[in-house]
Every structure is written in structure tokens, then in C-alpha cells.
Protein chains: 2
Amino acid sequence: MTEQGPGSSPTLRDVATEAGVSAATASRALNGSTRNVSAEKLALVLRAAEKLGYAPNLSAQATARGSTKTVALIVHDIADPYFSSIAAGAIEGAEAAGLTVTMAVTDRSPDRELEIVSTLRGHRPHAIILAGSRIGDEQDALVGELRAYEAAGGRVAVVSQPGLPYGTVTVDNRRGAEELATALVAYGYRRFAVLRGPDALRTSRDRAEGFVASLSRAGIEVAGRFVVKTDFTEDGGHAAMTGLLDRGLDGVELVFAVNDVMAIGAMRALRDAGLVPGRDLAVAGFDDISAATDVDPALTTVGVPMRAMGLRAIDLALSGRDRSEVVWLPTTVVLRTSTPRRRGEP
Amino acid sequence: MTEQGPGSSPTLRDVATEAGVSAATASRALNGSTRNVSAEKLALVLRAAEKLGYAPNLSAQATARGSTKTVALIVHDIADPYFSSIAAGAIEGAEAAGLTVTMAVTDRSPDRELEIVSTLRGHRPHAIILAGSRIGDEQDALVGELRAYEAAGGRVAVVSQPGLPYGTVTVDNRRGAEELATALVAYGYRRFAVLRGPDALRTSRDRAEGFVASLSRAGIEVAGRFVVKTDFTEDGGHAAMTGLLDRGLDGVELVFAVNDVMAIGAMRALRDAGLVPGRDLAVAGFDDISAATDVDPALTTVGVPMRAMGLRAIDLALSGRDRSEVVWLPTTVVLRTSTPRRRGEP
DNA sequence: TTGAAAGCGCTAACAT
DNA sequence: ATGTTAGCGCTTTCAA
């Protein structure tokens, strides 16, 4: 047993010495060109490395090679199931490619995001994955930062926000919402309310507008006071629903929240008010997070393949393909018991 | 605008040249000892860096300094709300300390975990945080790997599994379960079933045993056939509950699942069988994930401060304090409507 | 096949 | 206060 003093790790040199070869040979043996090293030396080096508990210093490797084995993932909020599912997919993809994932959360702050990208750039990751739609129009600084990163050979992929000049994997939010609206009308619903997120959130806008537009085409209008803006979170949904209740539902039969966590918050608000979701007021969401089937009644929603999105984003970033390719993943309307078929309808 | 060719990033040298100073001065200006550089040069360097869009190469910095600005977080499953909350706390703590988090998921495989620790070691992170209780007794290899890491100056912290020779932040799972049992007995429950996880999972064992032991002290025994082992997941809970239902409840009034996701799975199984959780059979869980208040009836559970655990783990690892210190965080019994008070009880 | 030597981008004595 | 000079641990020519 060769003891290492504190603060020190065995280096390649140590391994080389132990094996009685040069550092160059040790390096070759331990990775890259295994072809050019004799079987005996190879064995010697491997044994030495094993004995010393050698772990290559990835930072040194990176400086020498000029490239790292990491990919950076940026999400708004990792505790949100939407993002954690995307992250799970991304991590799966990255690990399959032998890469390590570094992660940062923006807390939905554009400033923070910019700062993060800037820091991350220093890590020289293979790729940077931006998950979650950007907010506001201060994108210039962000794009500038990313441009610099790309110019230096980095790859960028974006999840869920088409419109940035990078490889993107997304779903057609507008179309998904339209299909949901159509299905709901077919179920006999005629009077709707919509809980949407901040104006600047592209995802929220697309979903809300698609929903309303589709209804409109069916000859159904949603009164302005029944479209309420709130936070893109469960508490936001709860607050908005409570407000709606206070002001009076006035015949509204179904409330559509632009994402599941908001919808679940709204359901909670209904229960808090002594109402039964699904029976007294139908509720629909968007995303199909796993909680959608945990709540009672189970939530009608539009399925978004979050995990696959994370996975594909990694693929997209890693495959040196055409920048700014857009991968559209399919959504699926999932009708559950939170939106029962209305009496008297087919 | 100075354009950089692809594959290249401006280096400290470039900045120094641009500013007309030496690399050393540029280095000093850009970080560390700002004190020892004149205001003018400082401004010059800063301006040059800005102009070139300079981002320090963290790998190079790390090799030169011999230490990185990262901490590695290892979780079983990032899509699980328990772990994503811990991760959120850890990331918050790390970012506050100016550190970047790298993350890996084990998928609950001890082999994978070992492999991960080994790879991560190469990154020379400031600290490694192990979240989630270890499985099985193949800990020797893991501990060996961690020992080597520590010997080289790394810090290790563990979340939720006391017993490893490292700084640990955890809750008293046994005691939490005992208190829950006591509260439930006070509510008038007398006949229980327990859904527990794999034997080797310490957390599961502590909770299940604590619960049963507490009941036993109150003169209540849980028949062996009403203690069922299953996966530590929602599907596990669903399957176990379904099985229990098939075999007959035989008067059981309440089922305690050793974590919330299992409990929620069990509730779903009840509904699938046409039963009403809370009314036909009371259900209790452990953790108090946010979904616990989303389900209906809201889930009785034992609150675990997951986010705080992640945060404290970072603190623990970063504060150079006594290795193997154990931080106990408090749990709180939260009685909700999934376990209504039984008739005829005080 | 192997080793010597140069260099990756940065930091940290050591001089001045 | 600033520049010079060695490294940090590893990879990769280039010769041998």
C-alpha cells in the first residue's frame, strides 16, 4: 500500500515511475492510442495505476487537450418536475456519451442566466443546453455570450424555445393547445377560463393563444376577464384560481392552465373553496408531469415528452449537425377525469 | 471588434497583449490580488478583457491552482421530487459559495455509483455530496474510493445516510416514524399495514421499524403479511397496494408507506380499485414532498426538510470542520385529510 | 514502440 | 506595482 500524503493525488508521473516507463507511454496506455504500446508495458501501467488508485486529473487533461468532457445544463428551477424530467433525460444522454453534466439554475432571472452562461463558458464545456423558455427581450447579451462560446467551438442547444439561433428541440405548444381545445369542445364544453403565465414567457403565450384561437374558430369567445395572468408556478395557479372564484365564475365550465403545476394549484384552490374539481369545475393543464395522474381527479393535459427533450437536446448538441436545426417532438392530448364528458354530448 | 477564429478563445495572453501588460499583471487584475495592481492597469486589463469577450479557462486555472471551483452531487434519480429538492438546496448553497455543481445519477445502482465517484474524482471537485441512502453492503469499494479522494484533500458529505464515515446531514427517520405512529394511534387507528422499500435501504428500514416498534409499544402488532416489501417508487407503492387489496385488507384501517411517492402510488391503486383514500382506507407517507398537498385527500406525512438538507450538506462539506460530524435536522408530523380522525376518539 | 521535449492557459513565487 | 520565470498534470509532436 503506497500512502499518499494529504493534498496530493497520484499523478501520471507517479504511475509512470511505478511502472518503470515514461510519462508519455503511461499516457498512451491509459487512454488514447492504446495501439501503440506493447502489451507488457500496457499491463505494467494498468497495474501501477490500479495500485496507486490513480484517477487522471481531468482539468489538466482538458488544458492539454483543449477540450473537456462536460456539458452544461441550465434550467430555471430543478425542483420543478418539468425541468427535473428534462434534466433526467439530458443526464442520461450525456452519461451515455461519457460526459459529465454540470448544472446551474437561473431561478427564472435573465440576469442570473447571463451570469451563468458567462461563468460556464469558462468551463469550456462541450455543449451548453438551455432549458426553459427565455424571458423578456434582453436576449442580445445572452446571444452575444453564446456567440462567443460558439465561436470558440462550443455547441449550443435549446430546449423548448424556438427562435434562438441554435439547435432547438421543442414541441408545438400552440398546436397542442389547439388540439386540447378542440377535444374539450367535442366533450361539450363551451365556457372557458384561461390561467396563463407572464406575458414574456413564450411558452405560456403560445399555449394560451393557441387555446383561445382554436375556441374562437369554433365560435367560442373567452371573455378578457377570464384570461388571468399569474406566475408560472403552482402557487401562481392557486392564487389565480382563488381570484377567479372571488370575482365569480359566471358560468365558466372549464379552466385551462398553461401548465400542469398551475393546474394542480388551481385544483387545490378549488378544494380550498369547498368545490370539487372535475365536477364543479373542469380543469386542464399542459405537460403531463407525473403528478397529473396522482391528483384526483386525474388531470386532463397535453403530454410533452420532457425526458426525451432533454435526451434529444444532448444528441443535437453533440452531433455536429446543422446549427439551428429544430427538432419538433409530438404532443398528445390526454383526456382524464378532471374534464368529464358533458351530459347530452355524443 | 476583434474576431476570434473558431476553436479558439481569447487567452489571458491575448488580454495582456491587448492591454499592453504582462500576463501576470493581467492575471492579478482579473482575479486574486486586485490590491497589487494600479488603477490604470486594472482599467486597461478590464477593458481589454471586455473587448475580447474573455472568459478565463477554468480548467487551466484549476491545474495551475491545484483546486477547482466545483462540487459534485450524486443522486439516485433527479426526476424524483425528493432528490430534486435536495439538489435545489445543494445548488443554491454551492452557487452562493461561487461554486459550480456537477451532477450524476446512479439510477440506484451501487455499481454505477462507484463508477461515478471514480470518474468524479478526476474532476478534483472541492467536495462530493452523496445524496440518498446507499444500498447493500458493497460499501467497501465506495469507501475506498472516497478515502482516496479525501486523502487528496477532497471533502465528502452525505445526505440522509448516517453510518458512513463522513460529515452527514440527516433526519431521524426512526423517530419521525415513531411520532407519526403515535399521532395516528391517538387519532384512533388500531390496524395498520406498512409498505416498505428494499431491505438494504437504510432509510426504508429505519422508517418501517420505527413505525412498527412504536405501535408495538402501544400494544398494537402489525401482522407479517401486512408488511410488504416493494420498490421505493410510486410504481412500487401502487403494485404493493394492489397486491394487498387482492389478498384482502382484513380490517386494516391505515396503510403507511415509507415515503410519499409510494403513498401516492398506493392512493392511486386504491382509486383504481374504486376505493376512496382517506375514507375507505387511510394513507400516510413520509417526506412531505410538494405533491403531498396536491393529492386529494391531502397526504398525512412526516415532513423532511429536503432543500435544507442539500444546503446544509454543502455547508458541512465546505466548512473545514470535524469530519464525520452529523447534523440532525428535525422532522415534523403533518396530519392531513388522508388520515381523518376516527369516530369515537377524543 | 518508446522517450525527450515542448506546450496547453493559467498562477505564484521571486526579482526588480 | 510589475515583469520574469517556473511550474501545475497532461498530451502530443518529433526523433530515435
Side-chain angles (χ1 to χ4, degrees), chain A residues 4-5 7-46 48-49 52-69 119 121-125 152-154, chain B residues 4-5 7-46 48-49 52-69 121-125 152-153:
Chain A
Q4 286 300 134
S8 76
S9 232
T11 75
L12 184 62
R13 262 207 129 60
D14 297 333
V15 175
T17 306
E18 174 79 29
V21 301
S22 74
T25 301
S27 172
R28 286 189 273 254
L30 257 13
N31 57 57
S33 21
T34 314
R35 286 276 153 254
N36 297 337
V37 46
S38 69
E40 356 173 26
K41 304 256 177 196
L42 211 190
L44 243 36
V45 172
L46 261 28
L52 298 182
Y54 173 72
N57 182 324
L58 267 24
S59 291
Q61 217 165 248
T63 42
R65 286 212 259 248
S67 75
T68 58
K69 289 283 219 174
T119 306
R121 201 144 77 72
H123 282 291
R124 304 284 188 276
Chain B
Q4 286 301 132
S8 76
S9 232
T11 74
L12 184 62
R13 262 205 130 60
D14 297 332
V15 174
T17 307
E18 174 79 27
V21 301
S22 75
T25 301
S27 173
R28 286 188 275 252
L30 258 12
N31 58 56
S33 20
T34 314
R35 286 276 153 252
N36 297 336
V37 47
S38 69
E40 357 173 25
K41 304 256 177 198
L42 211 191
L44 243 37
V45 172
L46 260 30
L52 299 181
Y54 173 73
N57 183 323
L58 266 25
S59 292
Q61 221 168 244
T63 42
R65 289 212 256 249
S67 76
T68 59
K69 290 284 222 171
R121 201 145 76 73
H123 283 290
R124 306 283 190 274

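Chain letters run A, B, ... following the sequence lines, proteins first, then strands; residues in each count from 1. Quick caveat: nothing in here was measured; it's all calculated off a predicted structure.
The distance between atom CZ of B/R28 and atom C1' of D/dG3, rounded to the nearest whole Å, is 7 Å. Here the C1' atom of nucleotide D/dT4 and the CZ atom of B/R13 are 11 Å apart, to the nearest Å. Between the C1' atom of D/dG9 and the CG atom of B/N57 lies a distance of 14 Å, rounded to the nearest Å. One atom, CZ of A/R124, and another, C1' of C/dC8, lie 12 Å apart when rounded to the nearest Å. Rounded to whole Å, the distance from CG on A/L44 to P on C/dT1 is 17 Å. To the nearest angstrom, P of C/dG9 lies 22 Å from NZ of B/K69. In this structure, B/Q61 places its CD atom 13 Å from C1' of D/dC8, rounding to the nearest Å. Taking atom CG on A/L58 and atom P on D/dC8, their separation rounds to 19 Å, with Å as the unit.
Checking the phosphate oxygens (OP1, OP2) of D/dT11, a side-chain nitrogen or oxygen of A/S27 falls inside 4.0 Å. The phosphate of C/dC8 (OP1 or OP2) has no side-chain N or O of A/T63 nearer than 4.0 angstrom. Residue A/S59 places no side-chain N or O under 4.0 Å from the OP1 or OP2 atom of D/dC8. For the OP1/OP2 pair of D/dC10 and a distance below 4.0 Å, the side-chain nitrogens and oxygens of A/Y54 include at least one atom meeting the criterion. Distances shorter than 4.0 Å separate some side-chain N or O of A/N36 from OP1 or OP2 on C/dT1. Proximity of B/N31 to the phosphate of C/dT11: a side-chain N or O atom is located under 4.0 Å from OP1 or OP2. Within the structure, every side-chain polar atom (N or O) of B/T11 is placed at least 4.0 Å from both OP1 and OP2 of C/dG9.
Closest of all the heavy-atom pairs between B/Y54 and B/L12 is CE1-N, 3.5 Å. Of all heavy-atom pairs spanning A/V15 and A/L30, the tightest one is CG1-CD2, 4.5 Å. B/G53 approaches A/R121 most closely through the heavy-atom pair O-NH2, 2.8 Å.
Listed nucleotides: D/dT2, D/dT11, C/dG3. Nearest to the side chain of A/R65: D/dT11. Nearest to the side-chain atoms of A/L12 among the listed nucleotides D/dC10, C/dT11, D/dG3 stands D/dC10. Taking every side-chain heavy atom of B/V21 into account, D/dG3 is the closest of D/dG3, D/dT2, D/dG7.
Both B/A39 and A/A60 lie close to DNA chain D; mapped to their nearest nucleotides by heavy-atom distance, the more 5′-ward contact belongs to B/A39.
Side-chain N or O atoms of A/S27 include none that pairs as donor or acceptor with a backbone N or O of A/A23 at under 3.5 Å.
By the 4.5 Å heavy-atom criterion applied to side chains, B/T68 and B/L58 are not counted as neighbours.
Nucleic acid contact class of B/T25 (heavy atoms, under 4.0 Å, all strands): sugar-phosphate only.
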